[in-house]
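Notes follow the structure.
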Amino acid sequence: MKSIIGQVLQRVRERVLDPISERISEIARERVLGVVGEHVDCHINFQNYVDDLKKRVGDLKRKRDDKEAELRIVDLSEKKVKEEVQEWLEGARKVIDMSDIEEEVKKVSYLSRGSLGRHVRQRIQEVREIYDRANFTEGLVIETPPSIGIPLPTENMVGEVDVKEKIWGYLRGSEGMIGVCGIGGIGKTSIMKHIHNELLNEAIGFEKIIWVTVAHPLNVVRLQGDIARKMNKGLREDADELERASRLMEIMKTVKYALILDDVRDKFTLTRVGIPEPTIENRCKIVITSRSVDVCNYLRCQIVKVPPLPEQESLNLFLDKVGLDVLEIPHLEEILKLMVDGCAGLPLAIVVIAGRMRGVNDICVWRNALLELRQ
């Protein structure tokens, strides 16, 4: 019996195990020879691989520069770079950077050329793969839906509820030109920023909400350019004021817009700038903020005057900005009231002065601040 089992085991070893063992040895030898051969190849052809990598990186850099040049002439206000293009540009940027390899090449020893050569050859493959992915046959960008406008940063608004309601009434009504008037610091800009942001969400039907702060003295060319940019359009820099006005007029006639011109101090005509006059037919609106009633009348605006804040609202705003802990300072109540009165109901003055006095607990400092305010 033992003899039979021994014979079976012998046959299994000869027919199965020995061939497997030989095959494993053969594969191992092939792998060892392959690694050795690769190392020798990378050692012998080290400089050739380095030169090849430099050439391929140069080709890829030119390809990358071409793609970036194409993107620079695209109006990205109405289009978006495809994600695959962004990923390709980032990948190209990484493999183009050869600073690591160049540093290693400078200090590589003769015996280490094989190992570094293998690293160079791997980088060649990476560069080749990135280069082959550069054929964006369907373009580099995609169209994006036009934006009605961009929300503006605002702070909590104190008072002026009646003023806001009047402005909203005119925006919903038939008046095309609205002038928000008041002295500097009264809160005209703050009110209109809130209305601007609310317009973005109101279902009044405006296709574009435009906010432009007007330079003083008036620069018509700059104003034309600012409005055009907010419309995601451009005007020729070498064109004169009249040509730019004609082009801007064409652009603005294509949309139902609400245009807010902030801090208008100089008189001008809409035609000179290239702004179509708001009418019942086009249902466009223009709101200007100005310190001057004359400017608003010149533009035939429906005027909304912004009054100073009432006494209690002024005090509430001051306390909100300076901190309620000032009420605990002995003998400060009368000085605090006089300081608020000195701000004359101007929100900007209240915010600035309260901000300066925040954290001040010395009654003497408060008295000096009140003297400075009165002066």
Side-chain angles (χ1 to χ4, degrees), residues 150-168 178-198 211-219 226 260-266 287-296 303-375:
I150 301 174
L152 301 174
T154 59
E155 294 185 359
N156 292 334
M157 197 171 68
V158 179
E160 315 303 0
V161 175
D162 292 341
V163 173
K164 273 190 67 178
E165 288 181 355
K166 284 183 182 179
I167 296 170
W168 268 111
I178 305 160
V180 181
C181 292
I183 62 175
I186 201 70
K188 305 179 295 296
T189 298
S190 178
I191 293 170
M192 286 312 304
K193 281 183 177 180
H194 280 271
I195 290 178
H196 170 278
N197 291 350
E198 291 166 8
W211 177 286
V212 175
T213 300
V214 182
H216 175 73
L218 178 66
N219 184 325
D226 289 343
I260 301 171
L261 299 175
D262 185 44
D263 198 20
V264 178
R265 303 191 191 187
D266 303 302
V287 184
I288 72 168
T289 71
S290 180
R291 302 179 184 187
S292 169
V293 174
D294 288 342
V295 168
C296 293
I303 295 176
V304 179
K305 291 185 177 181
V306 182
L309 287 178
E311 182 179 344
Q312 188 58 48
E313 289 185 359
S314 296
L315 179 60
N316 292 341
L317 177 59
F318 194 97
L319 290 174
D320 178 64
K321 299 301 179 182
V322 77
L324 294 176
D325 54 335
V326 300
L327 297 176
E328 300 174 5
I329 301 174
H331 314 299
L332 183 63
E333 184 176 351
E334 183 62 25
I335 295 175
L336 184 64
K337 182 178 182 303
L338 292 172
M339 188 169 284
V340 172
D341 290 345
C343 293
L346 301 178
L348 181 60
I350 294 171
V351 169
V352 171
I353 294 173
R356 286 175 52 192
M357 302 308 296
R358 188 176 183 87
V360 176
N361 298 319
D362 189 337
I363 191 72
C364 294
V365 177
W366 279 88
R367 287 196 183 100
N368 290 335
L370 177 59
L371 290 174
E372 290 179 11
L373 178 61
R374 286 175 167 175
Q375 292 172 358

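Being a predicted model, the structure only gives us computed values, none of them experimental.
Between Gly345 and Ser314, the shortest heavy-atom contact is CA-OG, 3.6 Å. Cys343 and Ile353 make their closest contact through SG-CD1, 3.6 Å (heavy atoms, listed as atom of the first residue, atom of the second, distance). What you find for Pro307 and Val163 is that their closest heavy atoms are CD-CG2, 3.7 Å. Of all the heavy atoms in Met192 and Ile167, the pair that sits closest is SD-CD1, 3.9 Å. The minimum heavy-atom distance between Val295 and Arg265, with the atom names listed, is CG2-O, 3.6 Å.
With 3.5 Å as the limit, one finds a donor-acceptor pair spanning the side chains of Asn316 and Gln312. No donor-acceptor contact under 3.5 angstrom links the side chains of Asp263 and His216, judged on distance only.
In this structure, the separation between CH2 on Trp211 and CD1 on Ile195 is 9.0 Å, given to the nearest 0.5 Å. Note that NZ of Lys337 and CG of Leu370 are 11.5 Å apart. Values are rounded to the nearest 0.5 Å. Put simply, CD1 on Ile363 and CG on Asn368 are 10.5 Å apart, with the number rounded to the nearest 0.5 Å. The structure places CE of Met357 at 10.5 Å from CG of Leu373, a figure rounded to the nearest 0.5 Å. To the nearest 0.5 Å, atom OG1 of residue Thr154 and atom CD1 of residue Ile191 are 12.5 Å apart. In this structure, Asp362 CG and Ile329 CD1 are separated by 9.0 Å, a value rounded to the nearest 0.5 Å.
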Could you walk me through whether Lys321 and Arg358 pass side chain to side chain contact (heavy atoms under 4.5 Å, CB included), step by step?
CA-CA 7 Å; Lys321 299 301 179 182; Arg358 188 176 183 87; 5.7 Å; no

Can you check side chain to side chain contact (heavy atoms under 4.5 Å, CB included) on Asn361 and Trp366, steps first, answer last?
CA-CA 8 Å; Asn361 298 319; Trp366 279 88; over 6 Å; no

Before you tell me yes or no, could you show the steps for Leu327 and Leu319 under side chain to side chain contact (heavy atoms under 4.5 Å, CB included), namely the whole-Å CA-CA distance, both residues' side-chain angles and the distance that decides it to 0.1 Å?
CA-CA 9 Å; Leu327 297 176; Leu319 290 174; 4.0 Å; yes

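Looking at Arg374, its side chain never comes within 3.5 Å of a backbone N or O of Gly342 through a donor-acceptor pair. Asn197 places a side-chain N or O within 3.5 Å of a backbone atom of Leu152 that can act as its donor or acceptor partner. Side chain of Asp266 to backbone of Leu218: a donor-acceptor contact under 3.5 angstrom is found. With hydrogens and angles ignored, the 3.5 Å screen pairs a side-chain donor or acceptor of His194 with a backbone N or O of Glu155.
Applying the side-chain contact (heavy atoms from CB on, under 4.5 Å) test between Asp262 and each of Val214, Ile288, Val287, Thr289 identifies Thr289 as the sole match.
Taking a cutoff of 4.0 Å between a charged side-chain nitrogen and a carboxylate oxygen, Arg367 and Glu334 do not qualify as a salt bridge. Ion pairing between Glu198 and Lys193 fails under the 4.0 Å rule for side-chain N and carboxylate O. Salt bridge status for Asp162 with Lys166: absent, with no side-chain N to carboxylate O gap under 4.0 Å.
Arg356 CZ: 12 or fewer foreign heavy atoms inside a 6.0 Å radius.
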For residues 178-187, please give each side-chain donor-acceptor pair under 3.5 Å, one per line with the distance, not counting sequence neighbours.
none

